[in-house]
Amino acid sequence: MKHYASFFYAFLFFVAIAATGCKKDNDSTAPKTDGLVGRWDLYQTSGGIAGTTTDVATGTSQLEFKADSTINVYSKNQLVDTRQYSIRRSTEPGDSPSAKLIFYIAQGVRYTPQYIELNNDQLTLKDNIADGFVYRYRRQ
């Protein structure tokens, strides 16, 4: 019987860890930055395990943010994907109060959010995962 009690307590421990690791998405949408609307051209990526930086040729990959909360994704000026997006303030521990995340939703599927920074005609998207990539765009 003692053997089963150990398994029961171990099971409760793992359930408690799993429950504390899960958090509800905050669906309150932060106001979108009007400056985001438009077409953006990827010019550089960096990151990953190796920490490499790669310059990207003009016209290779573009994002087009629309005022109706849709984003068009282009590869060599050909539309390859359209999805919804929303921008929210980050609730991640340690983030500054001004940190924002962009969430992509397509056909009911939620993609991993990215940190978003917008400075004049420069857009930076950072993967919200360890060893993720940073994508830098210029306004077209």
Side-chain angles (χ1 to χ4, degrees):
M1 187 68 155
K2 213 176 202 185
H3 182 67
Y4 292 113
S6 296
F7 283 118
F8 177 73
Y9 288 120
F11 174 75
L12 284 179
F13 174 75
F14 287 115
V15 168
I17 294 294
T20 58
C22 297
K23 65 180 178 182
K24 184 179 176 185
D25 283 341
N26 180 2
D27 285 335
S28 62
T29 303
K32 288 187 192 63
T33 306
D34 291 336
L36 181 63
V37 173
R39 196 153 172 168
W40 299 86
D41 190 55
L42 180 67
Y43 70 89
Q44 188 179 70
T45 64
S46 62
I49 293 173
T52 59
T53 298
T54 304
D55 293 329
V56 179
T58 301
T60 301
S61 180
Q62 301 94 23
L63 301 177
E64 181 182 22
F65 291 91
K66 297 188 171 193
D68 67 355
S69 297
T70 58
I71 178 175
N72 290 330
V73 180
Y74 297 89
S75 178
K76 298 181 181 176
N77 291 317
Q78 297 295 315
L79 181 64
V80 294
D81 192 17
T82 299
R83 52 181 95 140
Q84 296 292 116
Y85 75 92
S86 67
I87 298 174
R88 304 178 199 148
R89 284 183 177 63
S90 174
T91 58
E92 297 288 323
D95 281 353
S96 73
S98 63
K100 294 181 183 173
L101 291 167
I102 184 165
F103 292 80
Y104 306 102
I105 303 167
Q107 299 176 3
V109 176
R110 192 170 290 206
Y111 292 84
T112 302
Q114 294 176 304
Y115 285 96
I116 181 169
E117 296 174 8
L118 181 62
N119 294 315
N120 299 320
D121 288 340
Q122 301 289 316
L123 170 66
T124 304
L125 300 175
K126 298 177 185 177
D127 290 340
N128 187 18
I129 57 172
D131 295 326
F133 279 83
V134 176
Y135 305 89
R136 292 179 180 86
Y137 294 84
R138 286 188 191 108
R139 187 181 300 278
Q140 283 190 316

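Since the model is a prediction, treat every value here as computed from it, not as a measurement.
The distance from the CD atom of Q114 to the NZ atom of K126 is 11.5 Å, given to the nearest 0.5 Å. Atom CD1 of I116 and atom CZ of F103 lie 11.5 Å apart (nearest 0.5 Å). The NZ atom of K76 sits 11.0 Å away from atom CD of Q62, with the distance rounded to the nearest 0.5 Å. Atom OH of Y104 is separated from atom CG of D81 by 10.5 Å, given to the nearest 0.5 angstrom.
A donor-acceptor pair is defined here as one N or O able to donate and one able to accept, closer than 3.5 Å; no such pair exists between the side chain of Y135 and the backbone of D127. Panel note: side chain D41, backbone G59; a donor-acceptor pair is recorded below 3.5 Å. In this structure, R139 contributes its side chain and G35 its backbone to a donor-acceptor pair below 3.5 Å.
By the 4.5 Å heavy-atom criterion applied to side chains, L36 and Y85 are counted as neighbours. Counting heavy atoms from C-beta outward, W40 and I71 have side chains that stay 4.5 Å or more apart. Residues T60 and L42 form no side-chain contact, since every pair of their non-hydrogen atoms from C-beta on lies 4.5 Å or further apart. Residues N128 and Y115 meet the side-chain proximity criterion, which asks for heavy atoms closer than 4.5 Å. Within the 4.5 Å cutoff, side-chain heavy atoms of F65 are placed close to those of I102. A heavy-atom distance below 4.5 Å is not found between the side chains of N72 and L63. With contacts defined as side-chain heavy-atom distances shorter than 4.5 Å, the pair R138/D121 does not qualify. Using a 4.5 Å heavy-atom cutoff, the side chains of Q140 and E64 are not in contact.
Heavy atoms only, all atoms of each residue included: S75 and V80 are closest at CB-CG1, 4.0 Å.
The same ILVMFWY cluster, assembled from side-chain heavy atoms under 4.5 Å apart, contains both Y111 and I87. L125 and Y43 fall into different hydrophobic clusters, where Ile, Leu, Val, Met, Phe, Trp and Tyr are joined by side-chain heavy atoms under 4.5 Å apart, directly or via other members.
In this model, a donor atom of one side chain and an acceptor atom of the other lie less than 3.5 Å apart for Q44 and D55. Looking at S46 and R136, their side chains do bring a donor and an acceptor atom within 3.5 Å of each other.
Remark: N120 CG is loosely packed, at most 12 non-hydrogen atoms of other residues, nucleotides or ligands lying under 6.0 Å away.
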Step by step, work out the side chain to side chain contact (heavy atoms under 4.5 Å, CB included) result for L79 and Y74. CA-CA 4 Å; L79 181 64; Y74 297 89; 3.9 Å; yes
